[in-house]
Amino acid sequence: MKITFIAGRNFIITEAIKNYAESKLTGLKKYFDAITEIQVTLSAVKSKNGPIQTAEVRVYIDGDLIKAVAVESDLYASIDKVEHILEKQLTKYKEKLRDNNHVNPQTSPKYTKTINYNEEENFIKYEKTSRIIPVSIHPKPMDIEEAILQLETLNKDFYVFTNSETGKMEVVYKKRNGDYGYIRQE
């Protein structure tokens, strides 16, 4: 992890401030291991209300950027505040990555393979179990001709609809020979 310091206009970063900032910001490593670089910009401006000390920190993580800015009357206080802000942001970022890495039914395999070995019989049993993914539909009321048109338009193998004449759920499907099939509820 590389830490670089940038001084604002007419501002000199003393060795004490640099050591304090480094000690605070190296502690961010415990919140996220993949930090590649930290860029610290320190500046000070005089105003009517007193000095305004600003600490801006950019944390680079595998191509992503997390930025925090703190403004206080004391530079050490602004470094403490920016560290606290970054702790929260890094924790939130890590949780976001963890939540996004959970198994997604869209990208997970459609089946699971299990291999069992029986030592007594010296036999390997291979099983392949398919996953069943529930899909909820809300069939629209239409006649059979319109359902076939929807089937062709959506380029599907079958289409579920509610028959506008009977009010019951029905299915039209395309057969291998190019004809259409029709399933109705009795």
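All of these numbers come straight from a predicted model, not from anything done at the bench.
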- Message: Per the salt bridge (Lys or Arg N to Asp or Glu O under 4.0 Å) rule, what does the pair list look like for residues 7-21, sequence neighbours excluded?
- Response: none
Show the atom names and distances, to 0.1 Å, of all donor-acceptor pairs under 3.5 Å that link a side chain in residues 80-93 to residues at least two apart or in another chain.
unit_1 : atom_1 : unit_2 : atom_2 : d
D80    : OD1    : Y20    : OH     : 2.4
D80    : OD1    : K24    : NZ     : 3.4
D80    : OD2    : Y20    : OH     : 3.0
K81    : NZ     : E72    : OE2    : 3.3
Q89    : NE2    : K67    : O      : 3.4
T91    : OG1    : E87    : O      : 2.7
Y93    : OH     : D64    : OD2    : 2.3

- Message: Please list all pairs meeting ring-ring contact (aromatic ring centres under 6.0 Å, His included) that have one or both residues in residues 50-71, counting only residues at least two apart or in different chains.
- Response: none
- For the student: nearest non-hydrogen atoms of L65 and R58, plus distance: CD1-CB, 3.6 Å
- Those residues at least two apart in sequence (or on a different chain) that pass side chain to side chain donor-acceptor pair (under 3.5 Å) with Q53 are none
- Task: May I ask you to check whether over 12 heavy atoms, not counting those of M169, lie within 6.0 Å of atom CE?
- Result: no
- Item | side chain to side chain contact (heavy atoms under 4.5 Å, CB included) partners of K2, counting only residues at least two apart | T4, E37
- Assess whether side-chain contact (heavy atoms from CB on, under 4.5 Å) is satisfied between I17 and L75, documenting all intermediate values. CA-CA 8 Å; I17 293 172; L75 188 59; 3.5 Å; yes
- Steps toward side-chain contact (heavy atoms from CB on, under 4.5 Å) verdict (V172, F161): CA-CA 8 Å; V172 291; F161 68 102; 3.7 Å; yes
- Message: Using 0.5 Å steps for rounding, measure from the CD1 atom of I52 to the OG atom of S78.
- Response: 11.5 Å
- OG1/T54 to CZ/F11 distance, rounded to the nearest 0.5 angstrom? 9.5 Å
- Any side-chain heavy-atom pair from Y31 and V59 closer than 4.5 angstrom? no
- Stepwise, does the side-chain contact (heavy atoms from CB on, under 4.5 Å) test hold for E56 with V40? CA-CA 6 Å; E56 177 183 328; V40 183; over 6 Å; no
- Message: Just so I know, are the side chains of V171 and Y159 near enough to count as touching, which here means a heavy-atom distance under 4.5 Å?
- Response: no
- Note on the structure: Rounded to the nearest 0.5 Å, the CD1 atom of I38 sits from the CD1 atom of I66 at a distance of 10.5 Å
- Q39 vs I6 side-chain heavy atoms within contact, under 4.5 Å: yes
Without placing hydrogens or testing angles, list every side-chain donor-acceptor pair under 3.5 Å for residues 142-152, not counting sequence neighbours.
unit_1 : atom_1 : unit_2 : atom_2 : d
D143   : OD1    : E146   : N      : 3.1
E152   : OE2    : K174   : NZ     : 3.3
E152   : OE2    : Y180   : OH     : 2.6

- Residues two or more places apart in sequence or in another chain: which of them pass ring-ring contact (aromatic ring centres under 6.0 Å, His included) with Y173? none
- Message: Taking salt bridge (Lys or Arg N to Asp or Glu O under 4.0 Å) as the cut-off, I'd like each qualifying pair that reaches into residues 158-172, sequence neighbours left out, listed once.
- Response: none
- Within one Ile-Leu-Val-Met-Phe-Trp-Tyr cluster: V69 and Y76, side-chain cutoff 4.5 Å: no
- So, K29 side chain and D33 main chain: donor-acceptor pair closer than 3.5 Å or not? yes
Side-chain donor-acceptor contacts of residues 41-48 below 3.5 Å, not counting sequence neighbours, with atom names and distances?
unit_1 : atom_1 : unit_2 : atom_2 : d
S47    : OG     : N49    : N      : 3.4
S47    : OG     : G50    : O      : 2.7

- Message: Taking side chain to side chain contact (heavy atoms under 4.5 Å, CB included) as the definition, give me every residue that meets it alongside D157, ordered by chain and number, with sequence neighbours left out.
- Response: none
- Query: Just wondering, more than 12 heavy atoms not from F158 lying within 6.0 Å of its CZ?
  - Reply: no
